[in-house]
Asks: 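My questions will all concern the structure given below.
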Amino acid sequence: MWSRCLSLGSRSPRSCWSPRSCWSPRSCWSSRSCCSDAGRTWVRPQGRETGVQTYNSLTKRKEPLVLPRGRVATCCGPTVYDHAHLGHACSYVRFDILQRILTKVFGISVVHAVVITDIDDKIIKRSQEENVSPTILARIYEDEFKKDMLSLKVLPPAVYLRVTENVPQIVAFIERIVNNGHAYATNKGDVYFDIRSIGRRYGKFTGAADVHSDPGDTDKRDTRDFALWKSSKPQEPCWASPWGEGRPGWHIECSTIASSVFGSQLDIHSGGVDLAFPHHENEIAQSEAYHQCTQWGNYFLHSGHLHLKGSAEKMSKSLKNYITIKDFLRSHTANEFRMFCLLTKYRAAIDFSDSSMSEARSALSTLVTFCNGAQAYMRGQLLCHAVDEALLWEKLAETKELVVDAFADDFDTPHAIHAVLNLVYHGNRQLQPIPEADGSARSPTVFGAMLSYIRELLDLLGVDLLDRQEEVASSSSATLDALVEQLCLFRSGVRTFALAPRETPGAPGGSAAPPRPRMHPDRVPLLQACDALRRDLAPMGVLIKVGG
């Protein structure tokens, strides 16, 4: 139930009607008309070429991303009846990354709206189990969802829209679909979408038009028909409508609110791959029936499922195999989870495990370590041989080009991150410390440019390396203090052993004078090593008293 859409909201007739379509809305929507197959053929939009190629679930191949007005808007959100889990987080973080790339790399102004489903069967059932109002239950989990998204650094939308605050618009939306001849009311007060009225236009994602199930509700004309309006049951929230008291069906909510905000067309609609059918399929059917157009959504982007390692099933509440976002963040950071998402393509299924999180943590540590080394070199605290400055400038320019190309190729974040890690590899090869300055020329500028680029790119993607540095410093400070203390104790023990006197025979002639202690000659190097360690630690702020 977690989806979002990227839309333009263009009301231009050309954006709604393809060149192949008939110009009579009713004839275009008759399954017996000359254009009964028009809606099964994707029509490339007219507008701004973004330079991005994206996989379109409607065509099952990569298509050039073209935006009629050069703007994108997003909508749709959670059904708030329980804690959000990592499966939800994965989808939202992945599409947050896509939104950031569109905005900051390709200069597309993104208008983001999120629809909160705050009334449906699951919310009603949970509220009855917990003996609490559905409204109160929904508000509790809505607030938790918003906090979880902020904790994961998901950009907040321009506006949140609740279904319960848009019921009059939903009723009007359904009325128009009925009047257009694509929905019908039953004697019980339910309203169903009439699949047969659109003929072969249904089934754009899965060929669902050819799938027939066993008869269920006998009031349906076709077993595939889905509810637009549900008649109320005792002790359920309800609203007035021309068909009696009831509440909206699930699919109609996003279509209505997206249309009320963005108009008759969406640029991009996105969500988990499990939403393609029936949710997105039904949204397309009812929205095109309402607007009488042949292509309501131009692009559909679907993210892969999150699996627990070793499980073929997706992470979900119904299977009780999920980890809540709050529980996850007790042992991991938002930066680590975002890197975990960046290391796989957004369309791919992704395994959550200790090893996959270790890979993400390792990638972050590699980037932070390089940034720290580059800063130390720029401050003159890290001495190196002469740097191959020309090579590093060349690798930096090459990396920038590779990253943009990767983003333009269906938002290929793994290739982009690997390009950056390769840049870091070449930088680290030049940052090999030497004990003393050898008079070589220094090249701080190129490292400053590399450092700035890496930070800006990761910040663009929602990963704050400065936060990561603070996390590392905070978590390691106590460990570092203990390490220094143990090192000093070890040095003290070695020095005491090195200074221990060598036993000598008694004085000749029976003299009572005690022998003069002498150091073991073979222990002198140990004492010299202790003195060298004391001198080497001093520049790092660790001062050991002479003789200590």
Asks: If you look only at distance, which donor and acceptor atoms sit under 3.5 Å apart when one is on a side chain in residues 393-401 and the other is two or more places apart or in another chain?
Replies:
| from | atom 1 | to | atom 2 | distance (Å) |
| --- | --- | --- | --- | --- |
| Trp393 | NE1 | Glu389 | OE2 | 3.2 |
| Thr399 | OG1 | Lys395 | O | 2.7 |

Asks: For the backbone of Leu461 and the side chain of Arg338, can you confirm whether one donor and one acceptor N or O come within less than 3.5 Å of each other?
Replies: yes

Asks: Report the distance from atom CG of Leu137 to atom CD of Glu142, rounding to the nearest 0.5 Å.
Replies: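 That separation rounds to 11.5 Å.
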
Asks: Can you confirm whether the side chains of Arg94 and Thr344 place a donor and an acceptor under 3.5 Å from each other?
Replies: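 Yes - a donor-acceptor pair under 3.5 Å links their side chains.
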
Asks: Could you tell me whether the side chain of Glu253 and the main chain of Thr117 form a donor-acceptor pair under 3.5 Å?
Replies: no

Asks: Could you walk me through whether Glu144 and His83 satisfy the side-chain hydrogen bond (donor to acceptor under 3.5 Å, both in side chains) test, starting with their C-alpha distance in whole Å, then the side-chain angles of each, then the deciding distance to 0.1 Å, before giving a yes or no?
Replies: CA-CA 7 Å; Glu144 184 178 298; His83 304 286; 2.5 Å; yes

Asks: Output yes when a side-chain donor or acceptor of Ser353 lies under 3.5 Å from a complementary backbone atom of Ser356, and no otherwise.
Replies: yes

Asks: Parallel, tilted or perpendicular: which describes the rings of His251 and His279, with under 30° parallel and over 60° perpendicular?
Replies: tilted

Asks: Students often mix this up, so state it plainly: with edges at 30° and 60°, are the rings of Trp296 and Phe300 parallel, tilted or perpendicular?
Replies: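 Rings of Trp296 and Phe300: tilted, 30 to 60°.
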
Asks: Any side-chain donor paired with an acceptor under 3.5 Å for Ser358 and Ser355?
Replies: no

Asks: Go through the steps for Glu283 and Ser287 under the test side-chain hydrogen bond (donor to acceptor under 3.5 Å, both in side chains), then give the verdict.
Replies: CA-CA 6 Å; Glu283 281 191 79; Ser287 297; 5.7 Å; no

Asks: If you look at every heavy atom in Leu431 and Gly373, which pair is closest and at what distance?
Replies: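 Closest pair (atom of Leu431, atom of Gly373, distance): CD1-C, 3.9 Å.
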
Asks: So does Lys125 have more than 12 non-hydrogen atoms from other groups sitting under 6.0 Å from NZ?
Replies: no

Asks: Quick test of your reading of the model: are Asp464 and Lys153 salt-bridged, counting only N-O distances below 4.0 Å?
Replies: no

Asks: Answer yes or no: is there a side-chain heavy-atom contact under 4.5 Å between Gln430 and Leu391?
Replies: yes

Asks: Any idea which heavy atoms bring Arg442 and Pro444 closest together, and the distance?
Replies: C-CD, 3.4 Å

Asks: Taking all heavy atoms of Pro78 and all of Tyr92, pick out the closest pair and write down the distance.
Replies: N-OH, 3.6 Å

Asks: Using only atom types and a distance under 3.5 Å, with no angle test, would you say the side chain of Asp118 pairs donor to acceptor with the backbone of Thr164?
Replies: yes

Asks: Check Asp143 with Arg139, please: is the shortest side-chain N to carboxylate O separation under 4.0 Å?
Replies: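 No, Arg139 and Asp143 are not salt-bridged.
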
Asks: Check whether Ser151 reaches the backbone of Asp148 with its side chain - one donor and one acceptor, N or O, closer than 3.5 Å.
Replies: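 The answer is yes, because a donor-acceptor pair under 3.5 Å joins these two groups.
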
Asks: With side-chain hydrogen bond (donor to acceptor under 3.5 Å, both in side chains) as the criterion, how do Asn335 and Thr333 come out once you've worked through the C-alpha distance, each side chain's angles and the decisive distance to 0.1 Å?
Replies: CA-CA 5 Å; Asn335 276 334; Thr333 68; 5.2 Å; no

Asks: For residues 410-421, run the donor-acceptor check on the side chains, cut-off 3.5 Å, and write out each pair with its distance to 0.1 Å, sequence neighbours left out.
Replies:
| from | atom 1 | to | atom 2 | distance (Å) |
| --- | --- | --- | --- | --- |
| Asp410 | OD1 | Thr54 | OG1 | 3.1 |
| Asp410 | OD1 | Tyr55 | N | 3.0 |
| Asp410 | OD1 | Tyr346 | OH | 2.8 |
| Asp410 | OD2 | Arg347 | NE | 2.8 |
| Asp410 | OD2 | Arg347 | NH2 | 3.4 |
| Asp412 | OD1 | His415 | N | 3.4 |
| Asp412 | OD1 | His415 | ND1 | 3.4 |
| Asp412 | OD2 | His415 | ND1 | 2.9 |
| Thr413 | OG1 | Leu342 | O | 2.8 |
| His418 | ND1 | Pro414 | O | 3.1 |

Asks: Can you classify the ring geometry of Phe205 versus His302 as parallel (below 30°), tilted (30 to 60°) or perpendicular (above 60°)?
Replies: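 Plane angle over 60°, so perpendicular.
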
Asks: What distance separates Phe145 CZ from Ile325 CD1, expressed to the nearest 0.5 Å?
Replies: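 So the CZ of Phe145 and the CD1 of Ile325 are separated by 8.0 Å.
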
Asks: Check the pair Phe337, Phe328 against ring-ring contact (aromatic ring centres under 6.0 Å, His included), reporting the backbone distance first and the verdict last.
Replies: CA-CA 9 Å; Phe337 187 73; Phe328 171 82; 5.2 Å; yes

Asks: Judged by atom type as modelled, is there a donor-acceptor pair below 3.5 Å linking the side chain of Thr256 to the main-chain atoms of Ile252?
Replies: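 Yes: the side chain of Thr256 pairs with the backbone of Ile252.
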
Asks: Under a 3.5 Å cutoff, is there a donor and acceptor pairing between the side chains of Gln265 and Asn298?
Replies: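 Per modelled atom types, Gln265 and Asn298 side chains form a pair under 3.5 Å.
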
Asks: Please report the interatomic distance CG(Leu86) to CG(Asp327), rounded to the nearest 0.5 Å.
Replies: 9.0 Å

Asks: Using a strict threshold of under 4.0 Å (side-chain N to carboxylate O), is an ion pair present between Arg429 and Asp388?
Replies: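 No, no charged N to carboxylate O under 4.0 Å.
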
Asks: I want to check something: taking the side chain as every heavy atom from C-beta on, are Thr79 and Ile123 in contact at a cut-off of under 4.5 Å?
Replies: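 In short, these two side chains touch, coming nearer than 4.5 Å.
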
Asks: Would you find a donor on one side and an acceptor on the other, under 3.5 Å apart, between the side chain of Ser91 and the backbone of His88?
Replies: no

Asks: In terms of relative ring orientation, are His269 and His280 parallel, tilted or perpendicular, with 30° and 60° separating the classes?
Replies: tilted

